[in-house]
Amino acid sequence: MSEFKKVNRSENYSEWYNYIVDAAELAQHSAVKGCMVIKPYGYAIWEKMQADLDKRFKATGHSNAYFPLFIPKSLFEAEEKNAEGFAKECAVVTHYRLKADPDNKGKLIVDPEAKLTEELVVRPTSEAIIWNTYRGWIQSYRDLPILINQWANVVRWEMRTRLFLRTAEFLWQEGHTAHATKDEAIAETTQMLKVYASFAEDIMAMPVIQGIKTANERFAGADETFCIEAMMQDGKALQAGTSHFLGQNFAKAFDVKFTGKDGKQDYVWATSWGVSTRLMGALIMTHSDDEGLVLPPKLAPIQVVIVPIFRSEEDFLAIQEKANNIKSELEAKGVSVKFDGRDTLKPGFKFAEWELKGVPVRLALGMRDIQNNTIEIARRDTKEKTSTSMDTVVDDVMTLLTDIQNNLYQRALDFRTAKTKVVNSKEEFLKVMDEGGFAMAHWDGSSESEEKIKEEYKATIRCIPLNNPQESGTCFFTGNTSKERVVFARAY
RNA sequence: CGGGGUGUAGCGUAGCCCGGUAUCGCGUCUGCUUUGGGAGCAGAAGGUCGUAGGUUCGAAUCCUGCCACCCCGACCA
């Protein structure tokens, strides 16, 4: 008997998470502290995310470009709040050469002669280098807007890392736009928030709350930070994407002015927005179960796997032929199909393995099916199995893929709804935090009470939802007057 | 960065207290038999015991430093 490690999601959520990442071959730890290797299967999912997002960015008028990994310290520190916010987690390059160690043959040391005259910060984000560049690109309102995105890696020296959720180096995209007016920049910020929200919901099948961050949670250097927040299966919140209205802060720090129609000079208005490989963690923690990864069809590198069940070589060849017909028909409809013809493994093993990898639909085809003109069709999300006619299987699969995509979203939404509680007292609040979930509670709007709540309950305000209903009430924590409820949760 | 734990073959482990170069399962390879939910038998290969030192005739085992990972904190866009 093979020994398969079983990890229960309900028993130990983080152990379960690590198990999924490992067993589904998404990523692994590397020889570099805090840095991960994204394995081919995991990277294939990220590539599908990238492809879809990139299309959305282009459709909203953005172009891709690339800026340097290294940022001279003097540029980095130009926007003070931003620099301060990131200072504690910056990797810094101080030298540009190694040399043979005179005292230790075969070893290298940093050449003390090769000290840089100015240290280079490895980008934790690229506002500084980009706005320094934009200065040279912008003179007139005719040069605006500038709508640029870059796909890049960034480094934030985190103390405690978790695969995909928080690593020292991660992959992301960062959009950086420049506008002539404040209104236009705000419109851009909200537009990109909507892009992220619809990507999360339509592609990842992950419901999100769109909202505004409080001052405490705001991006360093931004006037306003918008975000999408998702609920994981343990009831904790995960910030899945952010879109920042940067005001004129970077324009002032980097002296980026333009001449308007009226001939007057003004500072440029800015936005930036990003999502990262953290979305991989969000994806895992939104849908997966004790049998392994569960992928929404729109992100699955393999959407359908066909497992042949055979005794003899002749059987196998007959089944393979049928399977390949189905495969071609599905592929013609844009579905990615894998025929698992490995002859050393039993079907049951293959079933379990593809379930572990989250393949949405499995077809099993044996001689019995061929005689009856049937095929077994199984869905990963509910693990239901049925037999269908070979004549309708292609249509059935197409329908099922749509069903699974919708079902995953609905299931996640129902879960979030059930775990979101309206809370009016400290007791209720604590109960929700301990059980996991979102607490919709009145808050008096002060940073001080926000801090104290964080200290006492380890909970933060995830966001103030957009179009938040206004209702007068009293802050559950201080009893002060409040005009709206905000979303509280413990967070990743 | 603090507290606790772990590190032995690709994976999971026994051995460690009480020193004598390593156990078992899975996987891998070969052969035969199997195949509708994680196959069986037979044979084989595979290990600087995380790493660097120290103690010792002898170290997986004892001591020290370092590294990595896990859990809990601190930190965190």
Side-chain angles (χ1 to χ4, degrees), chain A residues 1-7 12-19 22-23 25 28-36 81-82 84-89 104 124-125 127 154 156-163 165-168 170 172 174 213-222 224-229 238-244 246 272-276 278 291-292 307-313 315-316 319 340-356 362-372 374-376 378 383 385 387 454-455 458 460 462-463 491-492:
Chain A
M1 290 294 287
S2 348
E3 198 54 49
F4 281 80
K5 193 180 170 188
K6 297 281 184 204
V7 177
N12 186 336
Y13 201 73
S14 14
E15 194 187 336
W16 168 83
Y17 175 83
N18 291 332
Y19 170 66
D22 177 51
E25 302 188 280
Q28 65 180 60
H29 292 282
S30 69
V32 192
K33 183 178 171 63
C35 295
M36 67 178 161
K81 281 187 182 159
N82 184 254
E84 264 182 52
F86 283 107
K88 296 186 296 293
E89 45 187 340
N104 208 343
T125 183
E127 275 79 2
V154 286
R156 297 178 186 178
W157 215 261
E158 301 288 352
M159 290 178 182
R160 192 171 160 189
T161 59
R162 298 195 62 190
L163 293 173
L165 297 174
R166 179 171 287 116
T167 45
F170 57 93
W172 77 345
E174 47 182 324
K213 287 290 188 189
T214 61
N216 285 11
E217 301 281 324
R218 195 179 288 153
F219 173 68
E224 208 72 84
T225 289
F226 295 80
C227 63
I228 54 172
E229 292 283 329
L238 185 115
Q239 176 177 297
T242 49
S243 184
H244 313 290
L246 302 174
S272 70
W273 28 273
V275 295
S276 71
R278 189 176 221 212
E291 274 70 48
V307 177
I309 294 151
F310 57 97
R311 288 194 164 76
S312 64
E313 182 73 13
D315 289 357
F316 176 77
I319 293 163
D340 186 353
R342 292 175 293 176
D343 63 357
T344 52
L345 300 172
K346 293 190 72 170
F349 182 93
K350 295 178 183 176
F351 292 173
E353 183 173 274
W354 294 115
E355 278 165 7
L356 199 51
R362 181 186 73 233
L363 299 174
L365 186 59
M367 288 314 284
R368 214 158 65 203
D369 288 307
I370 292 194
Q371 277 151 23
N372 302 334
T374 58
I375 186 163
E376 184 186 271
K383 297 188 215 82
K385 273 197 298 202
S387 190
K454 185 175 176 182
E455 240 172 74
K458 290 171 193 152
T460 49
R462 301 318 303 155
C463 67
Y492 277 97

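Below, chain A is the first sequence line, B the second, and so on; all start at residue 1.
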Look at all strands and tell whether Glu127(A) reaches a base, only sugar-phosphate, or nothing, counting heavy atoms closer than 4.0 Å.
nothing
Would you mind classifying the nucleic acid contact of Arg156(A) as base, sugar-phosphate or nothing, using non-hydrogen atoms under 4.0 angstrom?
base
Could you state the CZ-P distance from Phe351(A) to rA39(B), rounded to the nearest angstrom?
11 Å
If you go through the side-chain atoms of Arg311(A), does one of them form a donor-acceptor pair with the base of rG36(B) closer than 3.5 Å?
no
Touch class at under 4.0 angstrom, heavy-atom based, for Arg362(A) against every strand present:
base
Quote, to the nearest angstrom, the C1' distance that separates rG4(B) from rA74(B).
15 Å
Lys458(A) has its side chain closest, among rC70(B), rG73(B), rU35(B), to rG73(B)
Test your reading of the model: is there a side-chain donor-acceptor pair from Arg156(A) to the backbone of Glu89(A), 3.5 Å cut-off?
no
Taking atom C1' in both rC69(B) and rC17(B), compute the distance separating them and give it to the nearest angstrom.
25 Å
Rounded to whole angstrom, note down the C1' distance from rG46(B) over to rG25(B).
15 Å
Nearest-nucleotide 5' precedence on RNA chain B, Lys383(A) against Arg160(A)
Lys383(A)
Nucleotide of rC71(B), rG37(B), rC76(B) approaching Ser14(A) most closely (side-chain heavy atoms):
rC71(B)
Show your working on ring pair (Phe, Tyr, Trp, His ring centres under 6.0 Å) between Trp16(A) and Tyr19(A) and close with a plain yes or no.
CA-CA 5 Å; Trp16(A) 168 83; Tyr19(A) 170 66; 8.8 Å; no
So NE2 of His244(A) and OG1 of Thr125(A): to nearest 0.5 Å the spacing works out to 7.0 Å
Between C1' on rC32(B) and CG on Asp343(A), what's the gap in Å once rounded to a whole number?
14 Å
base_contact_polar (rG37(B) base, Glu353(A) side chain, donor-acceptor, <3.5 Å)
no
Rounded distance in Å between the P positions of rG2(B) and rG65(B)
13 Å
Pairing nucleotide - rC49(B), Watson-Crick or G-U, each distance under 3.5 Å:
none
How many whole angstroms separate atom CZ of Arg342(A) from atom P of rA39(B)?
12 Å
Under 4.5 Å between any side-chain heavy atoms of Lys454(A) and Asn216(A), yes or no?
no
If pairing requires Watson-Crick or G-U wobble contacts with both distances under 3.5 Å, which nucleotide is the partner of rA42(B)?
rU30(B)
Look at the side chain of Lys385(A) and the base of rG37(B), then say whether one donor and one acceptor between them are separated by less than 3.5 Å.
yes
Any N/O donor-acceptor pair, Arg166(A) side-chain to rC76(B) base, under 3.5 Å:
yes
Kindly indicate whether a cation-pi arrangement holds for Arg362(A) with Phe351(A), taking the cut-offs as under 6.0 Å to the six-membered ring centre and within 45° of the axis.
yes
Taking rU13(B) as the reference, what is the distance to rC70(B) when you measure between their P atoms (whole Å, please)?
15 Å
Check every strand shown and say whether Gly34(A) touches a base, only sugar-phosphate, or nothing at a heavy-atom separation below 4.0 Å.
sugar-phosphate
For rG25(B), which nucleotide in any strand shown is its Watson-Crick or wobble partner with both distances under 3.5 Å?
rC11(B)
Measuring only the P atom in each nucleotide, how far is rG37(B) from rC49(B)? A whole number of Å is fine.
44 Å
I want to check something: taking the side chain as every heavy atom from C-beta on, are Glu25(A) and Leu356(A) in contact at a cut-off of under 4.5 Å?
no
Between rG73(B) (P) and Arg162(A) (CZ): distance, integer Å:
12 Å
Report the residue (Thr242(A) or Glu376(A)) whose heavy-atom-nearest nucleotide on RNA chain B is the more 5′ of the two.
Glu376(A)
Provide, to the nearest angstrom, the distance between the CZ atom belonging to Arg368(A) and the P atom belonging to rU35(B).
12 Å
Tell me which nucleotide among rA39(B), rG36(B), rC76(B) gets nearest to the side chain of Pro347(A).
rG36(B)
N/O donor-acceptor pair under 3.5 Å between Thr225(A) side chain and Phe219(A) backbone
yes
Using Watson-Crick geometry (N1-N3 plus N6-O4 or O6-N4) or G-U wobble (N1-O2, O6-N3), each under 3.5 Å, rC75(B) is paired with none
Side-chain N or O of Asn18(A) closer than 4.0 Å to phosphate OP1/OP2 of rC71(B):
yes
Say we look at rG20(B) and rC16(B): how far apart would their C1' atoms be, to the nearest angstrom?
14 Å
Correct closest heavy-atom pair for Ala491(A) and Thr460(A) would be CB-OG1, 4.2 Å
Atom-pair distance (CD on Glu158(A); P on rA74(B)), nearest Å
15 Å
Please state whether the phosphate of rG36(B), meaning OP1 or OP2, lies under 4.0 angstrom from any side-chain nitrogen or oxygen of Lys346(A).
yes
Could you please name the option among rC75(B), rG36(B), rC69(B) that lies closest to any side-chain atom of His29(A)?
rC69(B)
Using the C1' atom in both, what is the distance from rC57(B) to rC72(B), to the nearest Å?
45 Å
Interatomic distance, Asp22(A) CG vs rC69(B) P [rounded to whole Å]
14 Å
In whole Å, I'd like the distance from the CG atom of Asn216(A) to the C1' atom of rC75(B).
15 Å
What is the base-pairing partner of rG36(B), counting Watson-Crick and G-U wobble geometry with both distances under 3.5 Å?
none
Find the partner of rA68(B): check Watson-Crick (N1-N3 plus N6-O4 or O6-N4) and G-U wobble (N1-O2, O6-N3) distances, both under 3.5 Å, and reply none if neither fits.
rU6(B)
